[in-house]
Amino acid sequence: MDLPKPSSAAAALQPLLAGLTPAQRSVVDHRGGPLLVNAGPGSGKTTVVTHRIASLIAEGVAPWRILGLTFTNKAAEEMRGRVEALLEHAGLTAEGVLLCTFHSFGARLMRTLPDDFGIPPRFVILDAADQKSAIKQAIRAANLDPKSFPPASISAAISTAKNQLKNAEAYESEAVDFLTRAVAKTYHTYEARLREQEAVDFDDLLMRPAIALRDQPELRARLTRRWTHLLIDEYQDTNYAQFLVADLLVSEARNVTVVGDPDQSIYGWRGANIGNILEFEMRYPDAKVIPLGENFRSTKTIVAAADALIRNNEQRKPKDLVAANDTGQKIRVRRLDDERAEAQDVVDHFREVERSGTPWSEMAVLYRMNALSRVFEEILRREGVPYIVAKGTSFFERKEVRDAIGYVRLVANPRDEVALERVINMPPRGIGATSWSRVIGEARATSQPVWDVMQSSSRIDGISSRAAKAIEQFVEMVQTWRSTLSQTGDLESLSVDLSDVVQRVIDDSGLAVHYARGGTEEDHDRVENLDELVSAAADFPGAVSHLPGLTDDQMEGSDPSPRTLDGHLFGWLESISLVADSDQVDPSRGVLTLMSLHASKGLEFEEVAVVGCEESILPHMRSIGDSSAIEEERRLLFVGITRAKQRLSLTSAKSRPVRGFRERTMESQFLCEIPEELIDRWESNASAETDSFLNHESSPVGSSRRGPGGRRLANLFPVGCLVEHEQFGVGRVEAIMPRPSGTTARIDFRYDGVKTIILEYAKLERLE
DNA sequence: TCACGCTCCCTTTTT
DNA sequence: GGGAGCGTGA
């Protein structure tokens with residue numbers, strides 16, 4: 001099946017190696033067996049991966065035997081573009097190579113092989129908000145009080161369980177205490193609801209393929225035959241489920257290449273296991289390991305700063321970062337009076353940079369929390385600077401857009417209860433909470449899907465004839481929409497049909513009229529957003545939802561695109577569910593980018609400002625007191641710093657509003673870890689610090705339990721006194737140490753031993 | 001049934 | 001500061 005092309009291969013390979021360093025070449029050249037590429041920031045990670053894929057193809061490996069897994073669509077698309085460009089020179093094609101995210105790979109597997117996964121191929125994918133409301137429903141259905149069991153923590157617990165491949169039964173068998181039992185109960189109910197609605201959540205897209213590959217040898221054999229070469233990007237951020245999928249997929253051919261950088265592992269909180277990359281060599285003893293340490297992206301100054309910072313992490317394999325570029329300018333470290341002054345400083349600086357020739361698209365503002373973007377947006381809007389907040393889903397999170405999509409989802413699958421609940425009375429159509437709870441009650445009592453119960457609503461106890469009539473009309477409306485679904489056509493006509501469906505849904509449901517009548521500016525925006533959704537549907541190019549070569553013998557599967565409108569519709573909904581924040585970054589738009597540090601991974605800009613470099617923001621409050629969490633925060637700043645090619649700013653504000661109250665801040669401890677000689681520091685007038693703070697005194701400050709100075713705190717907790725800590729319990733103060741980053745106390749806790757904590761942040765109480 | 005206004009609660013990062 | 005939930009009045 002794999003036809004080598006000996007004559008052209010050698011010739012085609014030549015340009016693929018030109019311009020690469022010896023280390024990079026050895027990645028491209030490697031043949032046979034597991035390969036770990038330890039790629040530092042800016043070391044040409046994407047280059048080696050794309051060249052490697054192109055080189056495999058040039059050598060005769062059939063493109064459809066190659067699978068490349070990434071974390072964002074953007075990364076996958078970029079790789080595809082570069083592989084195609086490389087092969088084009090040699091007159092070869094990359095068609096058939098599968099480059100996609102882990103999540104969409106999982107979704108495609110499940111859609112292609114519904115029998116193996118035991119789920120109908122037309123399942124919907126719940127996004128974060130849907131999941132939250134489904135969890136809430138499940139908590140209520142399990143007769144638990146949402147007040148004592150916050151949906152967020154239950155949801156997190158279930159997610160963690162799924163990452164470890166524990167289903168509800170497995171989880172329950174380990175549940176020992178009150179809380180885990182409650183989670184287990186909710187987990188069961190939640191899963192039952194998902195099954196009824198033919199829905200899956202994000203974690204299922206990883207968990208189900210992992211379990212199926214593990215437990216179904218026949219399926220595993222089919223898949224391992226199908227893909228013989230696997231490449232994984234950002235391997236340091238894979239979780240257990242992803243590790244297992246990869247591990248089992250390569251169990252035959254063993255051609256696995258993983259690329260990553262342990263210093264950029266920033267998703268531990270969502271189950272990523274840094275051990276996957278650190279222990280790769282133990283898992284695959286015959287693995288070849290190639291370090292790529294040379295940085296071709298940033299100036300020597302920026303690389304030196306990043307290097308000095310990350311050396312403070314103790315749980316780390318030592319590694320040298322070497323910069324290939326010039327020294328460049330010093331790092332701008334700025335400490336401003338408040339968050340407005342900080343934003344103004346960055347914007348003023350960026351304006352200057354822009355005047356001297358750097359386009360807006362080559363600049364980025366990075367922050368630890370999305371909330372920090374607000375001040376920047378305000379100032380940028382006022383000053384007329386074009387910008388985009390890279391929050392991929394923000395458009396789809398608007399209320400009106402979610403409502404419209406809710407209707408579209410009902411068209412796709414009327415059993416989708418999350419969608420149903422969302423739109424049943426939006427706009428108001430006389431199906432209020434009372435009637436609706438009767439419908440739900442009837443459905444649960446008779447163990448039928450809600451949609452089926454609605455078919456004969458007049459027979460439900462306690463439903464007024466008015467409400468029954470409204471429900472009947474609603475059902476009829478959805479069924480009319482669904483009648484066009486079996487239409488077929490080519491991709492272009494299907495996109496037109498799809499946008500027609502969206503338009504009809506918006507019109508017929510009454511959403512359009514509802515908002516058009518409003519007349520406020522906000523309503524006007526909502527109407528515009530609905531229009532934009534229609535255009536988005538029209539622009540949908542169609543997605544491959546079916547993987548060829550698994551069910552039939554036609555490996556190369558010329559065009560497996562969906563041909564019916566309903567396939568197209570599912571493809572669209574799936575593409576909406578799986579957008580990543582960074583997918584929105586598009587240099588051709590020529591605008592400044594604002595985004596979270598997490599979302600910035602893998603990107604690069606000439607000019608970068610990391611803002612909010614303050615204790616309790618970066619590192620975040622919730623990580624303080626936990627050394628491995630602090631190390632992840634440090635890696636996060638490391639990622640931010642290494643996004644910059646030419647210049648870097650690190651800024652902080654002396655005071656900042658925290659949930660409505662203005663509070664004093666301290667500069668991030670991480671800034672002290674960057675050598676002074678790399679820094680050009682400026683601080684707003686020191687005496688002005690108090691002035692500025694006092695100027696804000698109009699807003700309440702006094703409620704803060706954080707004192708302005710360490711001395712007072714030190715007096716509150718003298719050495720030898722007994723204290724109680726929220727997390728660690730009772731302990732005795734052993735020492736008090738004033739530090740620039742805060743007053744530090746060494747405390748010997750009864751159960752957790754000696755810990756060093758910062759008094760300003762620890763919720764510490766003195767015991768008499 | 002629905003709109004409005006009040007209070008309380010929580011505060012991270014994302015596919 | 002902002003969202004969600006709840007109570008009240010029309």
Just checking [X]: base, sugar-phosphate only, or nothing, at a heavy-atom cut-off of under 4.0 Å?
X: A:Tyr267; answer: sugar-phosphate
X: A:Asn425; answer: sugar-phosphate
X: A:Arg429; answer: sugar-phosphate
X: A:Asn370; answer: sugar-phosphate
X: A:Ser623; answer: nothing

* Enumerate the residue pairs fulfilling side chain to side chain donor-acceptor pair (under 3.5 Å) with a member in residues 150-160 of chain A, sequence neighbours excluded, ordered by first and then second residue. =>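 Output for this query lists A:Ser159-A:Asp203.
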Rounded distance in Å - [atom1] ([X]) to [atom2] ([N]):
X: A:Asp237; N: B:dT15; atom1: CG; atom2: P; answer: 12 Å
X: A:Trp436; N: B:dC2; atom1: CH2; atom2: P; answer: 14 Å
X: A:Glu574; N: B:dT15; atom1: CD; atom2: P; answer: 15 Å
X: A:His514; N: B:dA3; atom1: NE2; atom2: C1'; answer: 11 Å
X: A:Met426; N: B:dA3; atom1: CE; atom2: P; answer: 9 Å
X: A:Leu126; N: B:dT15; atom1: CG; atom2: P; answer: 17 Å
X: A:Phe71; N: B:dT15; atom1: CZ; atom2: P; answer: 11 Å
X: A:Trp269; N: B:dT13; atom1: CH2; atom2: C1'; answer: 4 Å

* When every nucleotide of nucleotides 1-10 of chain C is labelled 5' to 3' by its protein contacts under 4.0 Å (heavy atoms), B for base, S for sugar-phosphate only, - for none, what sequence of letters results? -> BS--S-----
* Pairwise 5' ranking along DNA chain B for A:Gln131 and A:Ser464, keeping only the more 5' one ->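 The residue closer to the strand's 5' end, by nearest nucleotide, is A:Ser464.
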* Starting at the 5' end of DNA chain B, which residue's closest nucleotide do you reach first, A:Gly430 or A:Arg622? ->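 Nearest nucleotide further toward 5': that of A:Gly430.
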* To do: Output yes if the stacking criterion (under 5.5 Å between centres, under 30° between planes) is met for A:His103 over the base of B:dT15, else no.
  =>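 No, aromatic ring not over the base.
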* **Pairs touching residues 232-246 of chain A that satisfy salt bridge (charged side-chain N to carboxylate O under 4.0 Å, His left out), sequence neighbours left out** =>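 Passing the test, one end in residues 232-246 of chain A: A:Lys45-A:Asp233, A:Lys45-A:Glu234, A:Glu234-A:Lys601, A:Asp237-A:Lys601.
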* Asked: Taking only side-chain nitrogens and oxygens of A:Ser596, does any of them come within less than 4.0 Å of OP1 or OP2 of B:dT14?
  ->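 Yes, within the criterion.
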* Using the test salt bridge (Lys or Arg N to Asp or Glu O under 4.0 Å), find all partners of A:Arg270 that sit at least two apart in sequence or belong to another chain. =>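 Partners of A:Arg270 under the salt bridge (Lys or Arg N to Asp or Glu O under 4.0 Å) test: none.
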* To do: Please name all residues satisfying salt bridge (Lys or Arg N to Asp or Glu O under 4.0 Å) with A:Arg193, sequence neighbours left out, ordered by chain then number.
  =>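 If we apply the salt bridge (Lys or Arg N to Asp or Glu O under 4.0 Å) test to A:Arg193, skipping adjacent residues, the hits are A:Glu196.
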* To do: From the options B:dT13, B:dT12, B:dT15, select the nucleotide whose nearest atom is closest to the side chain of A:His598.
  =>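 Side chain of A:His598 sits closest to B:dT13.
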* Among the nucleotides B:dT1, B:dC2, B:dT13, which one has an atom lying closest to any side-chain atom of A:Pro428? ->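 Nucleotide nearest to A:Pro428's side chain: B:dC2.
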* Ion pair present between A:Lys654 and A:Asp338, side-chain N to carboxylate O less than 4.0 angstrom? ->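 Between A:Asp338 and A:Lys654 there is no salt bridge, as every charged N stays at least 4.0 Å from the carboxylate O atoms.
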* To do: Could you list the residues that satisfy side-chain contact (heavy atoms from CB on, under 4.5 Å) with A:Glu442, not counting sequence neighbours?
  =>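 Applying side-chain contact (heavy atoms from CB on, under 4.5 Å) to A:Glu442 gives A:Thr446, A:Val453, A:Ile460.
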* Using the C1' atom in both, what is the distance from C:dA4 to B:dT13, to the nearest Å? ->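 It comes out at 22 Å once rounded to the nearest Å.
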* To do: Please report the closest heavy-atom contact between A:Ile266 and A:His598, naming both atoms and the distance.
  =>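 For A:Ile266 versus A:His598, the nearest heavy atoms are O-NE2, 3.2 Å.
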* is_close_aromatic(A:His620, A:Trp269), centroid dist under 6.0 Å ->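 They do not qualify: ring centres at least 6.0 Å apart.
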